[in-house]
Number of protein chains: 2
Amino acid sequence: MEVNATAAALLGLLRRSGPATGYALAQRAQEELGDYWTVTRSQVYRELAAMAAAGLVQAGEAGARDARPYTVTDAGLSAFTAWLHSDLGADVVRIPLLLRLAFVDALDPTRLAELVAEQRAQHAARLAAYEDLERAGIEVGGTDRDLVTLRFGIAYERAVLTWFDGLDLQALTGG
Amino acid sequence: MEVNATAAALLGLLRRSGPATGYALAQRAQEELGDYWTVTRSQVYRELAAMAAAGLVQAGEAGARDARPYTVTDAGLSAFTAWLHSDLGADVVRIPLLLRLAFVDALDPTRLAELVAEQRAQHAARLAAYEDLERAGIEVGGTDRDLVTLRFGIAYERAVLTWFDGLDLQALTGG
DNA sequence: TGGAGCATGTAATGAGTTACATGATTGG
DNA sequence: CCAATCATGTAACTCATTACATGCTCCA
């Protein structure tokens, strides 16, 4: 049974924590993985339903508000493991800002400056948040696992900020 | 009329080059934008059809193999401009390698080493390609536009490689 | 005791990928 | 002249986002 990355992530979370409802899973996915993997609630429900049909998870008794807690089955465990060890395809890069810049010749210079400033601020904020986490994590003793992904984020955001600071908007719009 | 980023990219390409078929557009998108925006052929046809229905592009006479060259209309131009000046949402980050690492405790150390090595090689190759392009571009006089996106790629790939080189696989798997 | 807000899920739509079909060109 | 390859597009499917509905809880 093959699962996609999102479904696999849910299995991984369930495996760590024991039974959980779709809502709780969506929330935990956001908290724990959200910095490098987006998952929406609707996806969670879809994947859980599909996995239940395939026997990878099992729904428990519905509680209040029709909340069903799901558990990983043995088949689910092995699907998870298979995914975990499978090849990583070439990654799909999509950077909206660069797409804009590809058409910068038709973009109003003032608006360009705004867009760039907004994006830069966003990245700066993320970097700051990550750096805080790193400091806090080192004191409190977060897992190596978390530290490694955090450091990726920090490296990435620093690189992006450096790139921003080397941007010559004049040259881009003026010609 | 609002268009999504992919449709807008097609408008932008058409605008630059004049009439082109879906096939040609898909190819040019790959060549010119592929480093930071993926577009498949099927998407191209779907978006062209939708834009034709909405009056943003106009199909010309079908030639051999039912090839229809599309042209941007005035409405298409203004949709393009509107997109170009619209807000850039928060970007969606999805890094498959980090998702794997989030579950590294269940991953076989040997397999982890393999996966990491593969990914590292992929990034190294891309960096090398970009650096070549940069050298060539400077000699030949590529546009500032192209140089800017190229430099993003270079900054990104360098940061990622540095991160790879700081990875302690032992600590990750051993504990 | 009622209404604000949280918890829970479904439906509808949009975007992206994979697999398929087939007509033209062209080099051997 | 025919087999390989390129050009062109469609169909089917999977994945992702947005919008909607509604039941609980709790405190003012």
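Lettering of chains follows the sequences in order, A, B, ..., and the numbering in each one begins at 1. Model, not experiment: these values are computed from the prediction. Only this structure's heavy atoms are used, side chains among them; waters, hydrogens and symmetry mates stay out.
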Pairwise side-chain hydrogen bond (donor to acceptor under 3.5 Å, both in side chains) hits with a residue in residues 74-83 of chain B, at least two apart: none
Atom-to-atom span, CD of A/Gln27 to C1' of C/dT8 - whole angstrom: 11 Å
For A/Trp163, all residues meeting ring-ring contact (aromatic ring centres under 6.0 Å, His included), sequence neighbours excluded: B/Phe152
Residue-phosphate contact under 4.0 Å: B/Tyr23 side-chain N/O, D/dA7 OP1/OP2: yes
Under 4.0 angstrom between A/Ser42 side-chain N/O and C/dG9 OP1 or OP2: no
Test ring-ring contact (aromatic ring centres under 6.0 Å, His included) applied to B/Tyr45 and B/Tyr23, step by step: CA-CA 8 Å; B/Tyr45 292 120; B/Tyr23 189 92; 8.1 Å; no
Spacing between B/Glu2 atom CD and D/dT18 atom P, to the nearest angstrom: 13 Å
Nucleotide C/dA19, atom P - distance to CZ of B/Arg41 in whole Å: 13 Å
B/Val92 or B/Tyr70, whichever maps to the more 5' nucleotide of DNA chain D: B/Tyr70
Length of the CG-C1' vector between A/Asn4 and C/dT18, whole Å: 15 Å
Any B/Arg46 side-chain nitrogen or oxygen under 4.0 Å from OP1 or OP2 of C/dT13: no
Selection from D/dT17, C/dG9, D/dT8 that lies nearest to any side-chain heavy atom of A/Gln43: D/dT17
Donor-acceptor side-chain pairing of A/Asp146 and A/Thr143 below 3.5 angstrom: yes
Whole angstrom value for the distance that separates P of C/dT17 from CH2 of B/Trp37: 11 Å
Atom-to-atom span, CD of B/Glu47 to P of D/dG9 - whole angstrom: 15 Å
N or O in side chain of A/Arg68 less than 4.0 angstrom from C/dT10 OP1/OP2: yes
Length of the line joining B/Leu10:CG and C/dA15:C1', which is rounded to integer Å: 13 Å
Between CZ on residue A/Arg126 and CG on residue A/Leu133, distance to nearest 0.5 Å: 13.0 Å
Distance test, side-chain N/O of A/Tyr45 to OP1/OP2 of C/dG9, below 4.0 Å: yes
Side chain of B/Thr21 (C-beta onward), nearest among D/dT17, C/dT8, D/dT8: D/dT8
